[in-house]
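I have placed the structure first, in the form of structure tokens, so that the comments after it can refer back to it.
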Amino acid sequence: MDHTKLANLLFPNSKKTPEEYEALYPARDLPAGAKVTRLGPSPTGFIHLGNLYGALADERLAHRSGGVCFLRIEDTDEKREVEGAVPALLSALHYFGIDFDEGASFSGEVGDYGPYYQSRRGEIYQCFVKHLISEGKAYPCFMSEEEIEEIRSLQERDKLNPGIYGPYARHRDLSFEDVVERLGDGQEFVVRFRSEGSPEKYFTVTDAIRGEMSMPENQQDVVILKKSGLPTYHFAHVVDDHLMRTTHVVRGEEWISSLPIHVQLFDALGWDYPIFCHNTVLMKIDEETGQKRKLSKRKDPELSLEYYQKEGYFPEAVREYLMTILNSDYEEWRLADPEAPLDAFDFTADKMSNSGTLFDLNKLNDVSKDVLARKTAEEILAFMLRWAGEYQPSLAGLMADNSDKLLKIFDIDRGGPKPRKDLINGRQIFAFISYFFDEHFMIRDDFPSECSPGDIKEILRRYLASYDEADDNETWFGKIRQITADLGYAVKPKDYKKNPEQYKGHVGHVSNVIRIAITGRSSSPDLWTIQQIMGAQTVRRRIAEAHGLFD
RNA sequence: GUCUCCUUGGUCAAGUGGUCAAGACGUCGCCCUCUCACGGCGGAAUCAGGGGUUCGACUCCCCUAGGAGAUACCA
């Protein structure tokens, strides 16, 4: 049969030739070794940590090599599309430091290899589908859902592999006349690839992350063009990544099993393969089953990127965490040079992990503490104001009004060789310092059990009487020592530990009485510094109020 | 069911035939210390199981088990 005739019958409006498209999208002019990567999300509206994880790999691989990282929107499934998903994706990724060189952007499409929305690439796909048909490598299939269902149940009954292949590909060799007739009847069709593959035969590809992988050839006549005229993922991937001159295809390992299809399509079109980089997906332990499982946008709302924005994680902290799990030696590199720019790190595909990585909130928090410890008080403040403005409007005004105070608070033990590391994210930071604000202050912790109510009252009375804002740290603490000794507590904790029977407690307990009265909690940074920031008036008032509790 | 990928401490992991099997988080203990945090020191804790190959196996081969994914006109 004349395949060209069939191709023209099916796609009369597709005029361009493959050669014309090849010329339209020439090889990129990039320095040797430059990688071209892409992120190809389907615009379903949800972005979670796993997506960022992959996006960061794309971004690093490209930019580290002086290459290009572009954004292609894979919107070939109209059913799943969500309004506004693209800007949301763009802004979330931008927030976490990922920007694209070309592709979909806030201001439309940028770049010479577009369109970057698959839904706008219909003509291109049709051209190549038509080309395959004219070469006899693809064919229209008119089978109904019912017919396919029937084939499947037959296959299941006979314990055969399900799918449309070999004898089950009933429309492989429809005559031209038959096709004309069906078309005349208004029958709709999909285009299937005519697979010559055999599951007996194995092929090998080299994956940049996993090394050599071999698997059986695909024998299914997969659909490459849907009834809607849009391509399936498989076909779109092959055509787009070829025409957009992608060098490295970074994607989740869930795609490994469709590699046989992709390889087959590249071969059929006579194109070279890109370098495949199948990374792992981020996992978590399912609370119910106790098993590892892939992150799910439905079950794990706390893993959506928005969650981290709401909690007030520094974008840099999240990125830093992801880097540690993305490239195994990143952490040690960072340890060796905490100030080095991200770009100085030699990010490579072969250092990426190939087994399921569990998301570890603990680790994220630890990384975040390190990152924040390197920030200046001004940077922390600026971030907090921005965060509160966005997500905690009730705090925004309060913080803005107290910028000077906050600056001092954030500056406590900052900047030295051994900075405090107790700031994690916006929400936590505010909770951590909330006692500075009367409207958020409360006595939260119990007074130490070593001190009797009478002693507590007396400690507070004497403290209030002796308190002088002008005292330096040493003088101030000397007064506490005095009270400690006067009331029968050990001035040195060690004395108390050695002879607990000789004392009621030690200076730490006495200090904590004061600490709790002032901050409401039994642990805090240096009290003297806190008092300086808080101001004598508030200090006195709180001491007096606590004293009043024991009347 | 079939196919594929994966399997080193609680977690992230280095490791490619000969190591007392790195490091980080967490955890425990000690030190520093008025609390907390920081910091310092130290401890416990890992090669999924079984067969081979080899003088020698975490490293190579086979089997088993477990985990993950695919098996769509979803990506």
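Here the structure is a predicted model, which means the values were calculated and not measured. Just so we're on the same page: letters track the sequence lines, and every chain starts at 1.
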Nearest to the side chain of [X], which nucleotide is it out of [options]?
X      : options             : result
A:N362 : B:C73, B:C36, B:G26 : B:G26
A:Y233 : B:A24, B:A75, B:C34 : B:A75
A:R192 : B:C34, B:C73, B:C32 : B:C73
A:T357 : B:C5, B:C12, B:C73  : B:C12
A:E253 : B:C25, B:C5, B:C32  : B:C5

Taking the inter-plane angle between the rings of [X] and [Y] on a 0 to 90° scale, is it parallel (under 30°), tilted (30 to 60°) or perpendicular (over 60°)?
X      : Y      : value
A:F11  : A:F189 : perpendicular
A:W255 : A:H262 : tilted
A:W476 : A:Y463 : perpendicular

Between [M] and [N], how far apart are the [atom1] atoms? Round to whole Å, please.
N     : M     : atom1 : result
B:U8  : B:U59 : P     : 13 Å
B:G18 : B:G26 : C1'   : 33 Å
B:G15 : B:A21 : C1'   : 8 Å
B:A48 : B:G43 : P     : 25 Å
B:A45 : B:U11 : C1'   : 12 Å
B:C34 : B:C28 : C1'   : 25 Å
B:U35 : B:A44 : P     : 29 Å
B:C5  : B:C63 : P     : 13 Å

So, are [X] and [Y] salt-bridged, with charged N and O less than 4.0 Å apart?
X      : Y      : answer
A:E196 : A:K137 : no
A:D58  : A:R38  : no
A:E320 : A:R334 : yes

> Hey, which of these two, A:G40 or A:Y53, hits RNA chain B nearer its 5' end, going by closest nucleotide?
Replying inline: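 Closest to the 5' end, via its nearest nucleotide, is A:Y53.
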> Hey, which of these two, A:P493 or A:E212, hits RNA chain B nearer its 5' end, going by closest nucleotide?
Replying inline: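 Checking each residue's closest nucleotide, the 5'-ward one belongs to A:E212.
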What contact category does [X] fall into here, base, sugar-phosphate, or nothing, at under 4.0 angstrom with non-hydrogen atoms?
X      : result
A:K492 : nothing
A:S353 : sugar-phosphate
A:N365 : nothing
A:E74  : sugar-phosphate
A:V223 : sugar-phosphate
A:M143 : base

With distance as the sole criterion, is a donor-acceptor pair present between the side chains of [X] and [Y] under 3.5 Å?
X      : Y      : result
A:Y313 : A:N365 : yes
A:N279 : A:E253 : no
A:Y233 : A:S258 : no

> Reading RNA chain B 5' to 3', how would its secondary structure be written in dot-bracket notation, given Watson-Crick and G-U pairs with both distances under 3.5 Å, brackets [ ] for crossing pairs and | for partners on other strands?
Replying inline: ((((((((.[[[..)..(....]]].(((((.......)))))....[[[[[..)....]]]]])))))))....
Just the rounded figure in Å: distance from [atom2] of [N] to [atom1] of [X].
X      : N     : atom1 : atom2 : answer
A:I261 : B:C74 : CD1   : P     : 13 Å
A:K351 : B:G15 : NZ    : P     : 10 Å
A:I412 : B:A37 : CD1   : C1'   : 11 Å
A:F276 : B:C5  : CZ    : P     : 15 Å
A:I514 : B:C36 : CD1   : P     : 16 Å
A:D221 : B:U71 : CG    : C1'   : 15 Å
A:N279 : B:A13 : CG    : C1'   : 17 Å
A:L358 : B:G10 : CG    : P     : 12 Å

Phosphate OP1/OP2 of [N]: any [X] side-chain N/O under 4.0 Å:
X      : N     : value
A:S523 : B:A37 : no
A:S328 : B:A13 : no
A:K226 : B:A75 : yes

> Quick check: are there more than 12 heavy atoms from other residues, nucleotides or ligands sitting under 6.0 Å from CD of A:E145?
Replying inline: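 Not more than 12 within 6.0 Å, no.
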>> Other residues, nucleotides and ligands only: do more than 12 of their heavy atoms fall within 6.0 Å of NZ on A:K492?
In response: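 It does not: A:K492 NZ has 12 such atoms or fewer within range.
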Aromatic contact, [X] with [Y] (centres under 6.0 Å):
X      : Y      : value
A:H242 : A:F128 : no
A:F430 : A:H440 : yes
A:H509 : A:Y496 : yes

Distances for protein N/O vs nucleotides 38-45 of chain B N/O pairs under 3.5 angstrom?
{"from": "B:C38", "atom 1": "O2'", "to": "A:K418", "atom 2": "O", "distance (Å)": "3.2"}
{"from": "B:C38", "atom 1": "O2'", "to": "A:P419", "atom 2": "O", "distance (Å)": "3.0"}
{"from": "B:G39", "atom 1": "OP1", "to": "A:K421", "atom 2": "NZ", "distance (Å)": "3.0"}

> Quick one: does A:R521 reach the base of B:C36 with a side-chain donor-acceptor pair under 3.5 Å?
Replying inline: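 Checked by distance alone, the answer is no.
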Check nucleotides 1-4 of chain B against the protein and report each pair of N or O atoms closer than 3.5 Å, with its distance, or say if there are none.
{"from": "B:U4", "atom 1": "OP1", "to": "A:Y202", "atom 2": "OH", "distance (Å)": "3.1"}

>> If the test is side chain to side chain contact (heavy atoms under 4.5 Å, CB included), which one of A:V222, A:I224, A:V238 qualifies with A:I261?
In response: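 Considering A:V222, A:I224, A:V238, a side chain to side chain contact (heavy atoms under 4.5 Å, CB included) with A:I261 is found only for A:V222.
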